[in-house]
Amino acid sequence: EPEVTQTPSHQVTQMGQEVILRCVPISNHLYFYWYRQILGQKVEFLVSFYNNEISEKSEIFDDQFSVERPDGSNFTLKIRSTKLEDSAMYFCASRGESNQPQHFGDGTRLSIL
Amino acid sequence: AQSVTQLGSHVSVSEGALVLLRCNYSSSVPPYLFWYVQYPNQGLQLLLKYTTGATLVKGINGFEAEFKKSETSFHLTKPSAHMSDAAEYFCAVSDENAGNMLTFGGGTRLMVKP
C-alpha cells in the first residue's frame with residue numbers, strides 16, 4: 001500500500017538555526033498538509049497546500065514557516081530561526097480527491113536545543 | 001470554528017471487554033468525521049471515516065463508530081479488546097469549506113489489561 005514518507009525521523013537543531021523537514025506524499029495525491037504535535041498536546045493543523053499554493057494556514061503558521069513543493073514528489077516544511085517551543089513531532093499528510101481521508105507519515109521529531 | 005472533545009484521556013479495559021472511546025464534535029457545517037490510531041513512535045493510521053450515508057461505519061481491526069447528529073457524537077467501539085489495541089486514539093473532524101483541514105481531539109490512550 002502506498003505510504004507517505006518523512007525524513008529525517010529525528011532532527012536535532014540548535015536554537016536559531018533553520019531546519020527543513022521533508023515529505024514524499026502518495027504519488028497521485030493532490031492535497032498536502034503539515035501538522036505538529038507538541039509533547040503531551042493535541043495534533044494541530046499548520047498548513048494545507050494545493051495546486052502549488054497554500055490553501056489554508058493556522059495562526060501557528062507565521063512568517064517563520066514556509067512550505068514548498070520543489071519538484072513533483074517532495075513537499076517540504078522550512079522553519080527559520082528555530083525556537084525552543086518549535087520542538088515537536090511534525091506530521092505530513094496527503095489525500096486524493098474530495099471525501100478521501102488524509103494519509104499520514106510517521107513524523108519527524110524535531111528537538112531544538 | 002470546529003472543535004472535538006474526547007472524554008477521558010486514559011481508558012483502561014480488560015482483554016476481551018468492550019471498548020468505548022467517546023468523541024463529541026462541534027461543527028457549523030455537515031462534518032466529515034474520522035478516527036485515527038497512533039502506536040508508539042508511529043504516525044496516525046486511519047481507522048474509519050464518516051462522510052455521508054450510513055451512520056454506522058466499520059473500520060479496520062474490528063472497530064466501528066456511529067455518527068449521531070442529534071448528540072453531535074461519533075463514539076468508537078469494539079466488542080472485544082485485544083492486547084494489540086493498546087494505543088492512542090484520536091477523533092478528528094474536517095470541514096470541506098476549509099481545505100479539509102483536520103481538527104483533532106486531545107486523544108485517548110487505551111490500555112488493555114491481560
Side-chain angles (χ1 to χ4, degrees), chain A residues 1-10 21 23-26 29-51 53-61 67 88-109, chain B residues 1-7 9-10 23 25-27 29-54 57-60 63 65 67 74 87-109:
Chain A
E1 185 176 328
E3 293 182 338
V4 176
T5 57
Q6 291 185 242
T7 55
S9 57
H10 192 187
L21 309 182
C23 171
V24 179
I26 294 173
H29 282 186
L30 304 173
Y31 300 83
F32 313 110
Y33 304 83
W34 283 101
Y35 295 82
R36 80 173 184 190
Q37 185 181 28
I38 295 172
L39 187 63
Q41 298 186 23
K42 287 185 179 185
V43 177
E44 303 171 289
F45 168 77
L46 291 178
V47 65
S48 60
F49 193 86
Y50 171 71
N51 200 26
E53 60 183 24
I54 291 173
S55 48
E56 297 285 339
K57 60 181 182 178
S58 70
E59 292 178 352
I60 304 167
F61 195 88
V67 289
M89 187 74 118
Y90 288 81
F91 292 107
C92 173
S94 69
R95 72 175 175 92
E97 291 295 335
S98 186
N99 286 357
Q100 296 303 306
Q102 294 178 30
H103 294 260
F104 284 78
D106 284 344
T108 293
R109 182 170 301 282
Chain B
Q2 299 177 305
S3 66
V4 177
T5 302
Q6 291 182 239
L7 289 176
S9 58
H10 291 79
C23 172
Y25 69 91
S26 169
S27 177
V29 298
Y32 296 161
L33 294 158
F34 306 84
W35 276 98
Y36 285 87
V37 60
Q38 185 180 31
Y39 298 101
N41 300 314
Q42 294 187 26
L44 298 163
Q45 181 183 1
L46 179 71
L47 272 179
L48 48 79
K49 66 180 173 82
Y50 169 80
T51 53
T52 58
V57 291
K58 296 186 185 298
I60 62 172
F63 284 93
F67 169 58
F74 191 57
E88 183 122 25
Y89 292 80
F90 292 93
C91 181
V93 62
S94 75
D95 178 358
E96 192 175 26
N97 296 326
N100 288 97
M101 55 170 271
L102 290 169
T103 300
F104 285 88
T108 297
R109 183 167 299 280

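A, B, ... follow the sequence lines: proteins, then strands. Residue 1 opens every chain.
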Would you call B/Asn100 and A/Arg95 a side-chain contact if the rule is heavy atoms closer than 4.5 Å?
yes

Do B/Met101 and A/Ser48 have side-chain heavy atoms sitting under 4.5 Å apart?
no

Hey, could you give me the [atom1]/[atom2] distance between [X] and [Y], rounded to the nearest 0.5 Å?
X	Y	atom1	atom2	result
B/Phe90	A/Lys42	CZ	NZ	10.5 Å
A/Phe45	B/Gln2	CZ	CD	11.0 Å
A/Gln100	B/Leu46	CD	CG	10.0 Å

Contact part of A/Tyr35 toward chain B, heavy-atom cut-off under 4.5 Å: side chain, backbone, both or neither?
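The side chain, not the backbone.
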
Measuring heavy-atom distances to chain B, does A/Gln37 have an atom under 4.5 Å in its side chain, in its backbone, in both, or in neither?
side chain

Quick check for you: among A/Pro101, A/Gly40, A/Ala93, which has the greatest number of heavy-atom pairs under 4.5 Å with chain B?
A/Pro101

Interface residue of largest heavy-atom contact number with chain A, from B/Leu44, B/Val4, B/Thr52, under 4.5 Å:
B/Leu44

Between B/Ser94, B/Ser9, B/Gly107, B/Gly105, who has the most heavy-atom pairs with chain A when the cutoff is under 4.5 Å?
B/Gly105

Which atoms of B/Gln38 come close to chain A, meaning under 4.5 Å heavy atom to heavy atom: side chain ones, backbone ones, both, or neither?
side chain

Does B/Ile60 have more than 12 heavy atoms from other residues, nucleotides or ligands lying within 6.0 Å of its CD1?
yes

Side chain to side chain contact (heavy atoms under 4.5 Å, CB included) for B/Gln42 and A/Phe104? Distances and angles first, verdict last.
CA-CA 10 Å; B/Gln42 294 187 26; A/Phe104 284 78; over 6 Å; no

